[in-house]
Each structure stands twice: as C-alpha cells, then as structure tokens.
Amino acid sequence: MNRVSIPRIDPGEPVYRADLAMSEHSAGHLRRIMRLYLTTWNLLELAPAAELALTELIANVVQHVPGRRCQTFIFRLPTGDGVRVEVADTSPVVPLAIRGDELDDGGRGLILVNAVTDDWGVVKRWDGKGKTVWFECVDRKKSTGVRARFSSRPQPGPRP
C-alpha cells in the first residue's frame with residue numbers, strides 16, 4: 001500500500017491552484033472550492049470521497065510539513081469523468097500508509113485515501129526537496145473504456 005509512483009495520465013493544466021501556508025481551517029475552504037468545481041462538472045457524486053481524501057492530505061501538511069506550506073492543484077481529468085487533486089510540499093519525507101492501534105489518534109490518513117479514491121500515489125521531486133501526493137476519483141458511470149486501461153487497481157465487478 002505504501003508506494004511512490006509516477007502518474008500515468010497527464011491531467012493538463014489545473015483549473016485551480018493555491019500556494020498557501022495551511023492551517024486547521026484550510027481543508028474546509030479547499031473542500032468548498034472543490035465542491036464548486038465538481039458541481040459545475042456534473043461530478044457531485046464524487047464529492048464525499050474527494051473531500052475526505054483532500055482533507056487527509058491537507059492534515060498531513062499541517063501536521064508534518066515545516067512551515068505548513070504547500071501547493072494544491074485541482075484538475076478535471078481529460079476524459080471528463082473525474083477529478084485529480086495534487087498536494088505538493090517541500091518536505092522530503094514520504095508519507096506512509098500505516099495500520100496502527102485502533103485507539104491511536106492518527107496514522108490512518110492514507111489508509112482512508114486508499115479506501116475512497118480510485119488511485120493515488122506519491123511522486124518525489126527529482127532534487128529530493130519535496131514531493132507531490134495525488135489522488136484521482138472517477139465516476140464509473142461516466143467513464144469511457146480508455147479509463148480502464150490506465151487503472152492500476154482492480155475495479156469491483158457487478159453485484160449479484
């Protein structure tokens with residue numbers, strides 16, 4: 001589950017970009033912005049998963065990145081059936097998806113991201129001075145056959 005990967009699909013230019021120092025309230029503001037884009041793109045059914053994943057990535061910045069500074073990008077996937085979010089920071093530490101004790105206060109953020117998104121990963125900067133954590137959420141009802149070729153995670157089959 002812990003992985004460093006290279007994104008396979010070029011998402012093009014972001015529709016939203018922010019370069020800010022994050023605080024405890026930043027995730028709420030970014031969720032509202034993302035929901036506006038998802039509504040405009042007729043992808044509102046992705047909002048619960050995308051908002052939860054975005055919240056987890058911003059929480060990681062607030063807790064673990066010195067200065068709490070990051071860049072946040074929101075992309076509409078070129079296929080029009082989903083959203084991609086990237087959070088880039090200057091910390092060289094790659095986040096880990098770990099399973100801790102049930103009573104621990106933290107440590108399960110990337111487990112949640114893995115559970116609610118269609119794909120996610122970490123791309124380390126070539127100079128070792130940071131990384132980008134990204135995720136994608138796709139509306140399978142609107143996706144085309146092209147999307148299936150790029151998915152690295154098995155998709156659930158039809159329900160009986």
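With a 4.5 Å cut-off on side-chain heavy atoms, Met22 and Arg69 do not count as touching. Side-chain contact between Lys131 and Asp89 is present, with heavy atoms from C-beta onward closer than 4.5 Å. Using a 4.5 Å heavy-atom threshold, the side chains of Phe135 and Arg84 count as separate. Side-chain contact between Val122 and Thr132 is absent, with no heavy atoms from C-beta onward closer than 4.5 Å. With a 4.5 Å cut-off on side-chain heavy atoms, Val133 and Pro95 count as touching. The closest side-chain heavy-atom distance from Leu110 to Trp120 is below 4.5 Å. Between Trp134 and Val87 there is no side-chain heavy-atom pair separated by less than 4.5 Å. The closest side-chain heavy-atom distance from Met34 to Val85 is below 4.5 Å.
Closest approach of Val83 and Ala50 over heavy atoms only: CG1-CB, 4.3 Å. Here the closest non-hydrogen pair linking Cys137 and Val116 is SG-O, 4.3 Å. For the residue pair Leu46 and Leu38, the shortest heavy atom distance occurs at C-CD1, 4.2 Å. The minimum heavy-atom distance linking Gly67 with Ala21 is given by the pair O-CB, 4.0 Å. The nearest pair of heavy atoms linking Ile74 to Trp41 is CG2-CH2, 4.2 Å. Here the closest heavy-atom approach between residue Ile58 and residue Thr72 is recorded as CD1-OG1, 4.0 Å.
Screening residues 52-64 for side chain to side chain donor-acceptor pair (under 3.5 Å) gives Arg31-Thr55 as the qualifying pairs, with residues at least two apart or on separate chains.
The closest donor-acceptor contact from the side chain of Tyr16 to the backbone of Ile33 lies at 3.5 Å or more, if one exists at all.
To the nearest 0.5 Å, the span separating CG on Leu57 from CG on Leu30 amounts to 10.5 Å. With rounding to the nearest 0.5 Å, the separation of CG in Asp139 from CG in Leu43 is 6.0 Å. Going from atom CZ of Arg35 over to atom CD of Glu51 covers 4.0 Å, rounded to the nearest 0.5 Å. To the nearest 0.5 Å, atom CD of residue Glu136 and atom CZ of residue Phe75 are 10.0 Å apart. Between the OG atom in Ser26 and the CZ atom in Arg68 there is a gap of 8.5 Å [rounded to 0.5 Å].
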message = Before you tell me yes or no, could you show the steps for Asp127 and Arg125 under salt bridge (charged side-chain N to carboxylate O under 4.0 Å, His left out), namely the whole-Å CA-CA distance, both residues' side-chain angles and the distance that decides it to 0.1 Å?
response = CA-CA 5 Å; Asp127 61 4; Arg125 282 183 43 173; 2.6 Å; yes

task = Could you walk me through whether Arg140 and Asp81 pass the salt bridge (charged side-chain N to carboxylate O under 4.0 Å, His left out) test, one step at a time?
result = CA-CA 8 Å; Arg140 295 285 168 204; Asp81 59 356; 6.0 Å; no

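Following chains of ILVMFWY side-chain contacts shorter than 4.5 Å, one can reach Val65 starting from Val113, so the two form part of one hydrophobic cluster. Residues Leu54 and Leu20 share a single hydrophobic cluster, defined by chaining ILVMFWY side chains whose heavy atoms lie under 4.5 Å apart. When the side chains of ILVMFWY residues are joined at heavy-atom separations under 4.5 Å, either directly or via intervening members, Val94 and Val62 end up in a single hydrophobic cluster.
Taking the side-chain hydrogen bond (donor to acceptor under 3.5 Å, both in side chains) definition, one finds that Glu45 meets it with Lys142, sequence neighbours left out.
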